[in-house]
Amino acid sequence: EPEVTQTPSHQVTQMGQEVILRCVPISNHLYFYWYRQILGQKVEFLVSFYNNEISEKSEIFDDQFSVERPDGSNFTLKIRSTKLEDSAMYFCATQKRTGGAEKLFFGSGTQLSVL
Amino acid sequence: SQQGEEDPQALSIQEGENATMNCSYKTSINNLQWYRQNSGRGLVHLILIRSNEREKHSGRLRVTLDTSKKSSSLLITASRAADTASYFCAFEGGATNKLIFGTGTLLAVQP
């Protein structure tokens, strides 16, 4: 089965630093998402992205967060100035969306630790 | 909150027994999905049920949906130690295309 690839698998950073998390979506998928999960608990929606723009974002996704697909391949999540509470597992997910209900394909995640 | 609620939070059973997990939500939905997560890994899709469906089967999995009660259940029959994982419901509703996840059930199947 096709896979969503995320890099790095682990990222340790100092508070206030910028981080960029990378995702390579499945090639024919059109919708991209970022979710985060703190300490194996609830899975929280951050943002959805379609046709090179944000289609929806949550209240968590404030001005410190941004997403882009700079080269038509990688889909990135940037946190400009990290806070301690940004420590979490960040998951990229993609979806084909040719019509009707469809499942999400998740990457294996990036564990972000902010010190 | 839009988030779904699952119960139980944790479930421990013996191999061969059935496991039932329940999910409740508050909004109208287009479909409801169940995902599995092994510790420290990504989520893997298990099964999807549309809002006009009441029951669906896939192998040892059985999902029911009651839109009048805004609830769903996932039944895993004849459980195996390899079924040990966290299970999350997720629903898509209204004009949005995002999935909202439940709080999850941690299933431990003892050999």
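We name chains A, B, ... by the order of the sequence lines, and we start the count at 1 in each one.
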Is it the side chain or the backbone of B:Asn30 that comes within 4.5 Å of chain A heavy atoms, both, or neither?
-> neither
Under 4.5 Å, counting heavy-atom pairs only, tell me which of A:Gln6, A:Glu44, A:Gln37, A:Gln95 racks up the most with chain B.
-> A:Gln37
Heavy-atom proximity to chain B below 4.5 Å, by part of A:Glu56 | side chain
Side chain to side chain, A:Val67 and A:Phe75, heavy atoms closer than 4.5 Å = yes
Most heavy-atom pairs under 4.5 Å with chain B, out of A:Val4, A:Leu104, A:Val47, belong to A:Leu104
Does the side chain of A:Ser48 reach to within under 4.5 Å of the side chain of A:Ser55, using non-hydrogen atoms?
-> yes
Show every donor-acceptor pair shorter than 3.5 Å between a side-chain atom in residues 73-81 of chain B and any protein atom, with sequence neighbours excluded, or say none if there are none.
residue: B:Ser73; atom: OG; partner: B:Thr64; partner atom: OG1; Å: 2.6
residue: B:Thr77; atom: OG1; partner: B:Arg60; partner atom: O; Å: 3.3
residue: B:Ser79; atom: OG; partner: B:Gln14; partner atom: O; Å: 3.4
residue: B:Ser79; atom: OG; partner: B:Glu17; partner atom: O; Å: 2.8

Donor-acceptor pairs are to be reported for all side-chain atoms of residues 99-111 of chain B against protein atoms at under 3.5 Å, with residues two or more places apart or in another chain.
residue: B:Thr103; atom: OG1; partner: B:Glu6; partner atom: N; Å: 3.0
residue: B:Thr105; atom: OG1; partner: B:Pro8; partner atom: O; Å: 2.6
residue: B:Gln110; atom: NE2; partner: B:Ser12; partner atom: OG; Å: 3.3

Does A:Ser87 reach the main-chain N or O of A:Val114 with its side chain, forming a donor-acceptor pair under 3.5 Å?
-> yes
For the candidates A:Cys92, A:Ser108, A:Gly109, which exhibits the highest count of non-hydrogen atom pairs separated by less than 4.5 Å from chain B?
-> A:Ser108
Within residues 34-49 of chain B, residues adjacent to chain A where the heavy-atom gap is under 4.5 Å = B:Tyr35, B:Gln37, B:Gly40, B:Arg41, B:Gly42, B:Leu43, B:His45, B:Leu48
Side-chain donor or acceptor of B:Asp7 paired with backbone N/O of B:Gln9 under 3.5 Å = no
Which of parallel (below 30°), tilted (30 to 60°) and perpendicular (above 60°) describes A:Phe45 and A:Tyr35?
-> perpendicular
Please table the atom pairs, donor to acceptor, closer than 3.5 Å between any side-chain atom in residues 7-18 of chain A and protein atoms at least two apart or in another chain.
none

Which bit of A:Tyr50 comes within less than 4.5 Å of chain B, counting heavy atoms only: side chain, backbone, both or neither?
-> neither
Check for a donor-acceptor pair, side chain of B:Asp66 on one end and backbone N or O of B:Ser68 on the other, with a separation under 3.5 Å.
-> yes
